[in-house]
Undergrad: 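Have a look at this one.
The first residue in the sequence is number 1, and the count goes up from there.
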Amino acid sequence: MDSWYVDDRCTNCDAARQFAPGLIGERGGRSQILRPPRDEEDMRRLHAAVFACPTRSIRPVSGRPDETLDPFPMALDDRVFVCGHNSRRTAGANSYLLVRASGTLMMIDTPRWSRELAERYEESGRVTDVLLTHRDHAAHGRRYADHFGARLWIHEGDLDAAPDADRVIRGLGPTEIGEGVTALPVPGHTEGSVLYLADDRYGFSGDSVYWSRSTGDLEVAESVTWYSIEELAASLARAAAQVRFEWILPGHGDRRLLPAGEMSARLRALAERTGQLRPRPVDFTAVRW
């Protein structure tokens with residue numbers, strides 16, 4: 001099989017490593033190929049990384065990636081798909097499709113914009129809502145919402161990033177988005193960060209909380225907190241007392257499925273740990289992926 005490499009456009013966003021652990025790792029502050037693919041399963045995982053990478057930095061030494069091995073949207077279970085095709089304009093963040101009981105979809109944050117991709121996502125169902133978790137992921141929200149004829153949502157704290165949003169979430173209390181779907185504001189990473197909750201199973205956390213492979217636990221990106229680490233600690237404490245879910249589905253960092261009781265306990269512990277943190281300078285290299 002071909003040898004592969006990661007070119008120097010890599011921004012160390014971690015997206016590719018989530019899809020191909022063991023094949024792609026972090027060395028020297030960027031992704032690197034750890035070993036070549038050995039079989040068809042390796043090739044599938046490697047191509048998932050290829051088509052998630054926002055800078056298209058993962059390349060075979062000869063030829064091009066196989067477009068027929070693009071797996072996105074990729075099912076995580078029967079109700080959630082990860083969109084892939086992450087965008088440089090959202091710092092390489094993951095985005096998701098949530099299937100509702102009616103067969104319609106909600107998109108949480110967005111992949112890079114292209115009409116071809118939008119039409120591909122529509123094959124899974126009609127998208128009624130585009131939910132933005134915060135300002136950093138707002139870049140393509142309006143384009144996707146207009147294409148789908150969907151409502152665009154954002155919190156008032158980050159409204160200047162999407163001033164033409166159709167629905168504005170206000171205050172700190174929960175807001176019903178649709179049947180079984182609630183928006184819970186969690187200011188901290190940004191003033192308008194939101195945790196979207198669905199069916200007591202899914203927690204779409206944007207950049208507020210993620211699963212760290214290096215620590216094996218829920219974490220906050222304390223070194224990339226734009227608004228207030230103290231506010232984030234308070235937000236997590238409120239959330240831990242109110243919410244119940246099994247999947248943590250972040251924009252950055254890894255995903256994880258745990259029993260709801262264990263996830264709640266870990267969220268409470270994270271709130272306590274975050275309460276001990278103090279403001280620090282922004283440092284992207286200090287995030288514990």
Undergrad: Say you draw a straight line from CZ of R280 to OG of S223; how long is it, rounded to the nearest 0.5 Å?
TA: 5.0 Å
Undergrad: For atom CD of E41, is the number of surrounding heavy atoms from other residues, nucleotides or ligands below 6.0 Å larger than 12?
TA: yes
Undergrad: Mind listing the closest non-hydrogen atom pair of A183 and I169 along with its distance?
TA: CB-CD1, 3.7 Å
Undergrad: Could you check whether any side-chain heavy atom of Y227 comes within less than 4.5 Å of a side-chain heavy atom of P187, counting everything from C-beta outward?
TA: yes
Undergrad: For E119, is the CD atom crowded, meaning more than 12 foreign heavy atoms sit under 6.0 Å from it?
TA: yes
Undergrad: Are the side chain of R100 and the backbone of M106 linked by a donor-acceptor contact shorter than 3.5 Å?
TA: no
Undergrad: For P54 and G92, work out which heavy atoms get closest and say how close.
TA: CG-CA, 3.6 Å
Undergrad: Using only atom types and a distance under 3.5 Å, with no angle test, would you say the side chain of Y202 pairs donor to acceptor with the backbone of V181?
TA: no
Undergrad: Could you give the distance from CG (L46) to CD1 (I24), rounded to the nearest 0.5 Å?
TA: 5.5 Å
Undergrad: Do you know which two heavy atoms are closest between P36 and I33, and how far apart they sit?
TA: N-CG2, 4.5 Å
Undergrad: Please check: side-chain N/O of S212 versus main-chain N/O of R288, any donor-acceptor pairing under 3.5 Å?
TA: yes
Undergrad: How many angstroms lie between atom CG of L172 and atom OG of S235, to the nearest 0.5 angstrom?
TA: 7.0 Å
Undergrad: Below 6.0 angstrom between ring centroids: does that apply to H134 and H189?
TA: yes
Undergrad: Is D70 paired with R120 through a side-chain N to carboxylate O contact shorter than 4.0 Å?
TA: yes
Undergrad: Does R56 have more than 12 heavy atoms from other residues, nucleotides or ligands lying within 6.0 Å of its CZ?
TA: yes
Undergrad: To the nearest 0.5 Å, what is the distance between CG on D199 and CH2 on W247?
TA: 14.5 Å
Undergrad: List the steps, then state whether side chain to side chain contact (heavy atoms under 4.5 Å, CB included) holds for L267 with V243.
TA: CA-CA 10 Å; L267 187 60; V243 306; 4.0 Å; yes
Undergrad: Quick check against the 3.5 Å criterion: does H85 have a side-chain atom that pairs as donor or acceptor with the backbone of F72?
TA: no
Undergrad: Step by step, would you call R135 with D160 a salt bridge (Lys or Arg N to Asp or Glu O under 4.0 Å)?
TA: CA-CA 8 Å; R135 64 171 61 249; D160 59 323; 2.7 Å; yes
Undergrad: Just jot down the side-chain contact (heavy atoms from CB on, under 4.5 Å) partners of F81, sequence neighbours excluded, or say none.
TA: P73, A75, L97, V99
Undergrad: May I ask you to decide if P250's main-chain N or O and Y96's side chain share a donor-acceptor pair within less than 3.5 Å?
TA: yes
Undergrad: Could E272 and R268 be called an ion pair, given the rule that one side-chain N must be under 4.0 Å from one carboxylate O?
TA: no
Undergrad: Looking only at heavy atoms, which two atoms of S208 and V186 are closest? And how far apart?
TA: OG-CG2, 3.5 Å
Undergrad: For H147 and R143, indicate whether the former's side chain and the latter's backbone hold a donor-acceptor pair under 3.5 Å.
TA: no
Undergrad: Given the rule that I, L, V, M, F, W and Y join up when any side-chain heavy atoms are under 4.5 Å apart, are L270 and L232 in one cluster?
TA: yes
Undergrad: Does a donor on one side chain and an acceptor on the other come within less than 3.5 Å for H137 and T110?
TA: no
Undergrad: Charged N to carboxylate O under 4.0 angstrom, D129 versus R151?
TA: yes
Undergrad: Under the side chain to side chain contact (heavy atoms under 4.5 Å, CB included) criterion, do F148 and R126 qualify, and how do the steps go?
TA: CA-CA 7 Å; F148 296 140; R126 182 172 66 89; over 6 Å; no
Undergrad: Using a 4.5 Å cut-off on heavy atoms from C-beta on, say whether the side chain of W211 contacts that of R255.
TA: no
Undergrad: Provide the closest heavy-atom pair for Q242 versus P174 in the form atom of the first, atom of the second, distance.
TA: OE1-CD, 4.2 Å
Undergrad: Before accepting this row, confirm whether a basic side-chain N of the pair D77/R79 lies closer than 4.0 Å to the acidic partner's carboxylate O.
TA: no
Undergrad: Taking the basic N atoms (NZ, or NE/NH1/NH2) and the acidic carboxylate oxygens, is any pair closer than 4.0 Å for R213 and D14?
TA: yes
Undergrad: Ignoring hydrogens and angles, tell me if any N or O in the side chain of S205 forms a donor-acceptor pair with the backbone of V209 under 3.5 Å.
TA: yes
Undergrad: Do I108 and L152 belong to the same hydrophobic cluster, where Ile, Leu, Val, Met, Phe, Trp and Tyr are linked whenever their side-chain heavy atoms lie under 4.5 Å apart, directly or via other members?
TA: no
Undergrad: Using a 3.5 Å distance criterion without hydrogens, assess whether the side chain of D158 forms a donor-acceptor pair with backbone atoms of A161.
TA: no
Undergrad: Under a plain distance cut-off of 3.5 Å, with no hydrogens placed, do D217 and T215 share a side-chain donor-acceptor pair?
TA: no
Undergrad: I'd like to know if R142 pairs up with D166 as an ion pair, taking the criterion as any Lys NZ or Arg NE/NH1/NH2 lying under 4.0 Å from an Asp or Glu carboxylate oxygen.
TA: yes
Undergrad: Quick one, L218 with Y210, criterion side chain to side chain contact (heavy atoms under 4.5 Å, CB included). Give me CA distance, side-chain angles, the key distance, then yes/no.
TA: CA-CA 6 Å; L218 295 178; Y210 69 98; over 6 Å; no
Undergrad: Would you check if P111 and S87 make a side-chain contact, meaning some heavy-atom pair closer than 4.5 Å?
TA: no
Undergrad: With the side chain counted from C-beta on, respond yes when D66 and H47 share a heavy-atom pair under 4.5 Å apart, and no when they do not.
TA: yes
Undergrad: Would F204 and W153 show up in the same hydrophobic cluster when neighbours are defined by side-chain heavy atoms closer than 4.5 Å?
TA: yes
Undergrad: Just verifying a value: how many Å separate D200 CG and L197 CG, rounded to the nearest 0.5 Å?
TA: 8.5 Å
Undergrad: Is there side-chain contact between L105 and S124, with heavy atoms separated by less than 4.5 Å?
TA: yes
Undergrad: Quick one, F19 and M74 - any side-chain contact, counting heavy atoms below 4.5 Å?
TA: yes
Undergrad: Same cluster or not: are Y121 and L76 linked, directly or through other Ile, Leu, Val, Met, Phe, Trp or Tyr residues, by side-chain heavy atoms under 4.5 angstrom apart?
TA: no
Undergrad: Flag the pair I177 / Y196 as yes when at least one side-chain heavy-atom distance between them is below 4.5 Å, and no otherwise.
TA: yes
Undergrad: Go through the steps to decide whether R35 and D42 satisfy the test salt bridge (Lys or Arg N to Asp or Glu O under 4.0 Å), and finish with yes or no.
TA: CA-CA 10 Å; R35 65 169 176 82; D42 279 356; 2.7 Å; yes
Undergrad: Are any of the side-chain heavy atoms of F51 and E67 separated by less than 4.5 Å?
TA: yes
Undergrad: Can a donor-acceptor pair be found, under 3.5 Å and without considering hydrogens, that links the side chain of T225 to the backbone of A221?
TA: yes
Undergrad: Distance alone, cut at 3.5 Å: any donor-acceptor contact between the side chains of S114 and E116?
TA: no
Undergrad: How long is the span from the NE2 atom in H140 to the OG atom in S95, to the nearest 0.5 Å?
TA: 9.5 Å
Undergrad: List the steps and the verdict of side chain to side chain contact (heavy atoms under 4.5 Å, CB included) for H155 and S193.
TA: CA-CA 7 Å; H155 189 274; S193 290; over 6 Å; no
Undergrad: Group every Ile, Leu, Val, Met, Phe, Trp and Tyr by side-chain heavy-atom contacts under 4.5 Å, then state whether V194 and I248 land in the same group.
TA: no
Undergrad: Restricting to non-hydrogen atoms, name the atom on L132 and the atom on G141 that form the minimum distance, rounded to 0.1 Å.
TA: CD2-CA, 4.3 Å
Undergrad: Say whether, by atom type as modelled, one donor and one acceptor occur between the side chain of Q18 and the main chain of G253 under 3.5 angstrom.
TA: yes
Undergrad: Are a donor atom and an acceptor atom from the side chains of N94 and D109 found within less than 3.5 Å of each other?
TA: no
Undergrad: For residues 23-34, which residue pairs pass the salt bridge (Lys or Arg N to Asp or Glu O under 4.0 Å) check, not counting sequence neighbours?
TA: R17-E26
